[in-house]
Amino acid sequence: MKEIYFYNTLTRKKEAFLPGQSGKVGMYVCGITPYDYTHLGHARCYVVFDVIRRFLEEKNLKVKYVQNFTDIDDKIIERANSQKKPFYEVSQFFIKEYKKDIKRLGVKDPDVSPLVSEHIPEIIDAVKKLIEKGFAYEKNGSVYFRVLKFKGYGKLSGKKIEELKPGARVEVDEGKEHFLDFALWKKSKENEPFWKSPWGCGRPGWHIECSVMSMKYIGSTLDIHGGGEDLIFPHHENEIAQSEALTGVSFCRFWLHNGFVTINKEKMSKSLKNFFTLKEIFEKFSPRAVRFFLLSTHYRDPLDFSPDALKEAERMTERISRIFEIKQVSQTQDAIKKQAQDLLEGFYDALSDDLNTSVAISRFLKLVKLFNSTKSEFVFEKILNADRVLNFLTLEGKKKVLLMSEEEILKKINERDRARKEKNYELADKIREELSQKGILLEDTPQGTKWRIK
RNA sequence: GGCGCGGUAGCCAAGUGGUAAGGCGGCGGUCUGCAAAACCGCUAUUCGGAGGUUCGAAUCCUCUCCGCGCCUCCA
């Protein structure tokens, strides 16, 4: 059994992962801003971190998994105002949709799913402390973080302050001491929801909620902080600055970031209008295939979406699921047991190597193959063991629509069986073809003729 | 402009110094009346290109071409 290694964005190296205190792992993954439906890019992130969590749990580590909802933000307000609704109706609606979609992908519920809107007092406290410590200042009802005061700014993203030039891409906000300073607290404009604070009516800035909520539920130092790689800068960089300014200790030991889902090699994003929501995807592909697809490539590499790739995932997962159709035998030769055990070990070793799911899946498929040729209960159990991490087998498969009644099908099968006994193969094949036209596939097995939907 | 990632067979995809995992597809076979499913075998002398280091390189170095990302909200 190998040690667990993860690639740490902070050090740009694979590092041995050892939990902080006695087998406990505190992990925080940045959640969504619920102002629209969840898309495939989000799904990749949460499926990947779900596998990391399940894997660590299988390794007998006690994981506390925290994932927030940023339920108050400019985009939510924008949407709420355009629909003439309070912001929380918009965020609550999309939180519900997110939970529905992500559950179908077999992602376990977080242990804690904190909402920003329910942590305003804690956020105000944190901002107050940052001001006291000289890391933040109030200006016209807003509070900004004083980036230059925090040495080490840029250590996560590898950016140098001198190289980040104000201008074209960075909005120059009057009132800030330095263009990189970011809002901890934003003064509310008219028609915007607000909370009362020592600095007047306003709401939290974007980054502070993650610092406050992660440390509230996990502690000053997280073991793992995860998210999409687009969050590295500025979001996670800012989280580090705020948190470490606040506590004086290291905020997080392992920073893990997943790569993007792309379409034609380009990032799936709203602005390019090339994104697919899970809702849309599920109309064409099963959640089981989607999960398989999302794990088929290493999590840090780009994953290119295409209908063909999803179709292949559909085929593969159907094949995997067919193991349930086989009657198991209890006897297993030692050599086979050894093979199965080695494959399972290889499976976990692959995951230990910075979550190499491609290799892990290949071992998993080998186990399926071994089971198909041995029908061994022992091997079957190894498959179920591996599936506790991958979680393909319990998910919804492809939707099957029955175009004719079961009685009708059985009648046709009987008719065909009679024809086959009489060696009237022409008729038998005609019946099989007829059923095939209606999407029914026949399989002649030693146990008789079976049928299934194509 | 700064920083970073990737280019491996028809396709997807592992592999950071020891001589190219795995899957899909295709081809051949076992089974079958024929199929289907499953299983077995075959399917890259070669890793974008050019140099270099080395006994040895997909893996290290230099240059170069192509694609992408971050530097602004973004999983």
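We name chains A, B, ... by the order of the sequence lines, and we start the count at 1 in each one. Only heavy atoms go into these numbers, but all of them, side chains included; no hydrogens, no water, no symmetry mates.
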> Under a 4.0 Å N-O cut-off, is there an ion pair linking Arg79(A) with Asp73(A)?
Replying inline: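 Not counted as a salt bridge, because no side-chain N and carboxylate O are separated by less than 4.0 Å.
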> Any ion pair linking Lys412(A) and Glu434(A) (charged N to carboxylate O, less than 4.0 Å)?
Replying inline: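 Looking at Glu434(A) and Lys412(A), the cut-off is met.
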> Taking the six-membered ring for Trp, are the ring centroids of Phe182(A) and Tyr144(A) within less than 6.0 Å of each other?
Replying inline: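 When the ring centroids of Phe182(A) and Tyr144(A) are compared, they turn out to be at least 6.0 Å apart.
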> Are the ring centres of Tyr46(A) and Tyr98(A) closer than 6.0 Å?
Replying inline: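 When the ring centroids of Tyr46(A) and Tyr98(A) are compared, they turn out to be within the sub-6.0 Å range.
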>> Taking the cut-offs as 6.0 angstrom to the six-membered ring centre and 45 degrees off its axis, would you call Lys382(A) and Phe378(A) a cation-pi pair?
In response: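 Yes - Lys382(A) lies over the ring of Phe378(A), closer than 6.0 Å to its centre and within 45° of its axis.
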>> Does the structure place the NZ or CZ of Lys108(A) under 6.0 Å from the centre of the six-membered ring of Tyr65(A), at an angle of no more than 45° from the ring's axis?
In response: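 Pair Lys108(A)/Tyr65(A) does not count as cation-pi.
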> Quick check: are there more than 12 heavy atoms from other residues, nucleotides or ligands sitting under 6.0 Å from CD of Gln333(A)?
Replying inline: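 No, not enclosed.
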> Is Lys454(A) atom NZ crowded by more than 12 heavy atoms from other residues, nucleotides or ligands, each under 6.0 Å away?
Replying inline: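 Yes, the 6.0 Å shell around NZ holds more than 12 heavy atoms from other groups.
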>> Is it the case that the side chain of Arg416(A) and the backbone of Ala428(A) share a donor-acceptor pair, with hydrogens and angles ignored and the cut-off at 3.5 Å?
In response: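 Yes, Arg416(A) side chain to Ala428(A) backbone: donor-acceptor pair under 3.5 Å.
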At under 4.0 Å between heavy atoms, what does [X] touch on the DNA or RNA strands: base, sugar-phosphate, or nothing?
| X | result |
| --- | --- |
| Val48(A) | nothing |
| Tyr46(A) | sugar-phosphate |
| Lys159(A) | base |

Which class fits the ring pair [X] and [Y]: parallel under 30°, tilted 30 to 60°, perpendicular over 60°?
| X | Y | result |
| --- | --- | --- |
| His257(A) | Trp255(A) | parallel |
| Tyr37(A) | Phe93(A) | perpendicular |
| His235(A) | His207(A) | tilted |

> So which nucleotide does rA58(B) pair with, by the Watson-Crick or G-U wobble rule with both distances under 3.5 Å?
Replying inline: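 rA58(B) is unpaired by these criteria.
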Protein-nucleotide distance ([X], atom [atom1]; [N], atom [atom2]), rounded to Å:
| X | N | atom1 | atom2 | answer |
| --- | --- | --- | --- | --- |
| Ile383(A) | rA38(B) | CD1 | P | 13 Å |
| Asp230(A) | rC3(B) | CG | C1' | 16 Å |
| Arg432(A) | rC34(B) | CZ | P | 11 Å |
| Arg12(A) | rC5(B) | CZ | P | 9 Å |
| Ile77(A) | rC73(B) | CD1 | P | 15 Å |
| Glu314(A) | rC11(B) | CD | P | 23 Å |
| His257(A) | rA75(B) | NE2 | C1' | 10 Å |
| Leu367(A) | rA38(B) | CG | P | 16 Å |

> With sequence neighbours left out, which residue pairs that include part of residues 343-367 of chain A fulfil the side chain to side chain donor-acceptor pair (under 3.5 Å) condition?
Replying inline: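 Qualifying pairs: Lys14(A)-Asp353(A), His298(A)-Asp354(A), Tyr299(A)-Asp354(A), Arg300(A)-Asp354(A), Tyr348(A)-Asn385(A).
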Quick check on contacts: within [range], what sits under 4.0 Å from RNA chain B by heavy-atom distance?
| range | answer |
| --- | --- |
| residues 322-348 of chain A | Arg322(A) |
| residues 233-243 of chain A | Phe233(A), Pro234(A) |
| residues 439-446 of chain A | Leu441(A), Leu442(A), Glu443(A), Asp444(A) |
| residues 351-363 of chain A | Asn356(A), Ser358(A), Val359(A), Ser362(A) |

Roughly how far apart, to the nearest Å, are [N] and [M] at atom [atom1]?
| N | M | atom1 | answer |
| --- | --- | --- | --- |
| rA37(B) | rU59(B) | C1' | 41 Å |
| rG51(B) | rU46(B) | P | 15 Å |
| rU8(B) | rC70(B) | C1' | 26 Å |
| rA44(B) | rC60(B) | C1' | 23 Å |
| rU19(B) | rA57(B) | C1' | 10 Å |

> Taking the side chain of Val261(A) as heavy atoms from C-beta outward, which of rG67(B), rA75(B), rG33(B) is closest to it?
Replying inline: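 From the listed options, rA75(B) comes nearest.
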>> Are Ile453(A) and Val401(A) packed together at the side-chain level, in the sense that at least one heavy-atom pair is separated by less than 4.5 angstrom?
In response: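 Side-chain contact under 4.5 Å: no.
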Expected rows: protein N/O vs nucleotides 23-25 of chain B N/O, under 3.5 Å:
from: rG23(B); atom 1: OP1; to: Lys369(A); atom 2: NZ; distance (Å): 2.9
from: rC24(B); atom 1: O4'; to: Glu312(A); atom 2: OE2; distance (Å): 3.3
from: rC24(B); atom 1: O3'; to: Arg315(A); atom 2: NE; distance (Å): 3.4
from: rC24(B); atom 1: O2'; to: Arg315(A); atom 2: NH2; distance (Å): 2.7

> Looking at Val47(A), Ile281(A), Ile263(A), which hits side-chain contact (heavy atoms from CB on, under 4.5 Å) with Leu40(A)?
Replying inline: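 Option passing the side-chain contact (heavy atoms from CB on, under 4.5 Å) with Leu40(A): Ile281(A).
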>> Counting distance alone, no hydrogens or angles: does the base of rG69(B) have a donor or acceptor under 3.5 Å from a partner atom on the side chain of Arg300(A)?
In response: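 Between rG69(B) and Arg300(A), which were checked side chain against base, a qualifying N/O pair under 3.5 Å is absent.
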>> Between Thr262(A) and rC68(B), is there a contact of a side-chain N or O with OP1 or OP2 at under 4.0 Å?
In response: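 The answer is no; no side-chain N or O of Thr262(A) sits under 4.0 Å from OP1 or OP2.
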>> Does rC71(B) have OP1 or OP2 under 4.0 Å away from a side-chain N or O of Lys160(A)?
In response: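 Result: no.
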